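Right, one structure below, let's go through it.
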Amino acid sequence: MNELDQLLADLGAARTKTGNQKPASPVKNSTAQPTDQSTEGTNADGSDEHLDADFAPLGAVPCVKCKELIIGPSITTTAGVLHPDCFRCADESCRRRLVGQRYYPVDTTSSNLPEPSFYCEPCFAQHSLPLCHYCQSPISSTYITALGYTLHSDHFFCSHCGTPLKIEEPFMEYDRKPYCEPCYRDMFAEKCAACGNPIVGECIEACEKRWCRGCFKCEVCKEPLTHSYFTHDSKPYCEKHYYTTIKDNIIPCRGCSKPITGKFTLNAGHRWHPECFKCGFCRTELRAPVTEQGWIRTGVGMSAGSAGFKNKDDIPYCDACYVKLYA
C-alpha cells in the first residue's frame with residue numbers, strides 16, 4: 001500500500017469515529033419566578049465560552065439574552081434558556097450573577113430595559129417597592145402614610161423627642177414634620193395672654209392678643225366672655241364693669257344712656273348713637289350729621305323721611321309730631 005492509499009484509509013476511519021458521537025444538549029434547569037436557581041454545570045475545561053454557530057452540534061439552542069448558541073451549561077428561566085454569564089441583574093449598579101439566587105422578571109413594557117431582563121431580590125425591592133421617607137429603604141411589610149410621606153410603621157415618631165406615634169391617634173404637625181403634643185406646645189404653640197400656657201386647639205383673638213377659650217374673662221369679675229365684650233387699655237371687660245371701670249371717661253348716649261365708643265350725632269349739646277337719634281314721640285329715625293369729632297346741629301334738621309325736625313327741651317321731634325304736640 002502506497003502513501004496515498006494509507007492517507008485515504010486513515011481519513012475514512014476518522015469520519016466513522018466522528019459520526020458515532022452523540023451531539024451535546026443544554027443543561028436545563030426549570031425555574032419558577034421568583035425562584036432559587038441551582039448552580040450551573042461546567043465544561044470539561046472549566047469554561048462556558050460561547051460557540052460560533054458554524055461549529056454548533058445538533059440540539060444547540062440560542063441564548064435568549066445574547067442570541068448566541070449555548071454549548072455547555074445553561075440556565076432555564078421563565079423567559080427561556082440563557083448562558084449562566086448572561087443571567088445577571090439588570091440594574092447597572094449591581095449586575096450580579098443570578099445563578100442560585102432568587103430573581104424577578106422585569107416588566108420591560110414600562111421600562112427602558114431590553115427583553116428579557118431580571119432583578120435580584122434587593123434590586124427588585126429598590127425599584128418596585130415604596131421607599132421609607134425616613135430611612136430611604138424599601139418597605140416590604142406594613143407601612144403608614146402621613147403628611148404626604150410613606151414610612152415604616154416604626155419610623156413614625158416625634159421629630160423632637162423620638163416618642164413613637166400612631167396614625168390612629170392625634171399628633172401635631174409643623175413644617176411637614178410630626179410632633180407629639182407636649183413637644184409641639186413647648187416649641188411652637190402661641191402662649192395664652194392670661195395663663196401663659198401654650199394654646200392648643202381653638203383660641204380667641206381679642207385686644208391684639210390670643211387667649212385660651214376658657215381664659216378669656218372679664219378683667220374685674222373674671223366671668224367668661226362668650227358673646228360681647230368691651231376693651232379698655234387692651235384688657236377685656238363685661239359691659240357692667242366696663243362702665244364702672246372707665247366711668248370718668250364715659251360719654252353716654254342721650255337716647256339709650258349707654259357709652260358711645262364710636263360715631264355719634266351731636267344735637268342740642270347732647271351726643272346720640274346714630275341709631276338712637278329718633279323723634280321723641282313717633283320714634284321715626286332722624287337724619288343728622290354723624291361724626292367722630294362732634295358736630296353741633298340745633299334747631300332745624302332733616303329726618304329720614306326728608307321732613308325737618310325741631311328740638312323741645314333738648315329732645316328732637318319730627319315736624320309732624322312737633323306741630324301736633326307744641327304748635
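Note that the structure is predicted; figures quoted are calculated from it, not measured. Positions are given from 1 along the sequence.
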Closest non-hydrogen atom pair between C212 and C192, with its separation: N-SG, 3.3 Å
Cluster check Y322, I315: I/L/V/M/F/W/Y, side chain < 4.5 angstrom: yes
Pairwise distance CG(D154) to SG(C135) - rounded to 0.5 angstrom: 8.0 Å
C282 side, atom SG; K324 side, atom NZ - distance, nearest 0.5 Å: 8.0 Å
For the student: nearest non-hydrogen atoms of F157 and P164, plus distance: CB-CA, 4.0 Å
Pairwise side-chain contact, L98 with R96, heavy-atom cut-off 4.5 Å (strictly under): yes
Verdict with supporting geometry, E223 and C238, side-chain contact (heavy atoms from CB on, under 4.5 Å): CA-CA 8 Å; E223 288 295 318; C238 65; over 6 Å; no
Heavy-atom pair of closest approach, residues K222 and K217: O-CD, 3.1 Å
Single-linkage hydrophobic cluster, 4.5 Å side-chain cutoff, Y134 and L131 together: no
Side chains of H232 and Y237 in contact at under 4.5 Å (non-hydrogen atoms): yes
S159 side chain vs P178 backbone, donor-acceptor pair below 3.5 Å: yes
Within 6.0 angstrom of F171 CZ, more than 12 heavy atoms from elsewhere: yes
Over 12 non-hydrogen atoms of neighbours within 6.0 angstrom of CD in E169: yes
Cluster overlap M187 with Y174, hydrophobic side-chain contacts below 4.5 Å: yes
Whether H273 side chain and P252 backbone form a donor-acceptor pair below 3.5 Å: no
Rounded distance (nearest 0.5 Å) linking atom SG of C183 with atom NE2 of H160: 5.0 Å
Flag if over 12 foreign heavy atoms under 6.0 Å of CZ, R95: yes
Ring geometry between F188 and Y184 (parallel below 30°, tilted from 30 to 60°, perpendicular above 60°): tilted
Atom pair SG (C180) and CZ (R185), whose distance is rounded to the nearest 0.5 Å: 10.5 Å
Atom NZ of K191 with >12 non-hydrogen neighbours under 6.0 angstrom: yes
Distance (rounded to the nearest 0.5 Å) between Y149 OH and R176 CZ: 3.5 Å
4.5 Å side-chain heavy-atom contact, Y229 and I204: no
Shortest non-hydrogen separation from S74 to P84 and the atoms involved: CA-CD, 4.1 Å
Straight-line distance of F264 CZ to R254 CZ, nearest 0.5 Å: 15.5 Å
Side chains of T150 and H133 in contact at under 4.5 Å (non-hydrogen atoms): no
Distance-minimising heavy-atom pair for A60 and I71: CB-CD1, 3.7 Å
Closest heavy-atom pair and its distance - V64, K67: O-NZ, 3.0 Å
Side-chain heavy atoms of P316 within contact of N267, under 4.5 Å: yes
Stepwise salt bridge (Lys or Arg N to Asp or Glu O under 4.0 Å) test for E285 and K278: CA-CA 4 Å; E285 188 172 339; K278 299 177 181 179; 5.9 Å; no
cation_pi(K312, Y326) dist<6.0 Å, angle<=45: yes
Sole candidate of Y119, Y103, Y104 that passes ring pair (Phe, Tyr, Trp, His ring centres under 6.0 Å) when paired with F124: Y104
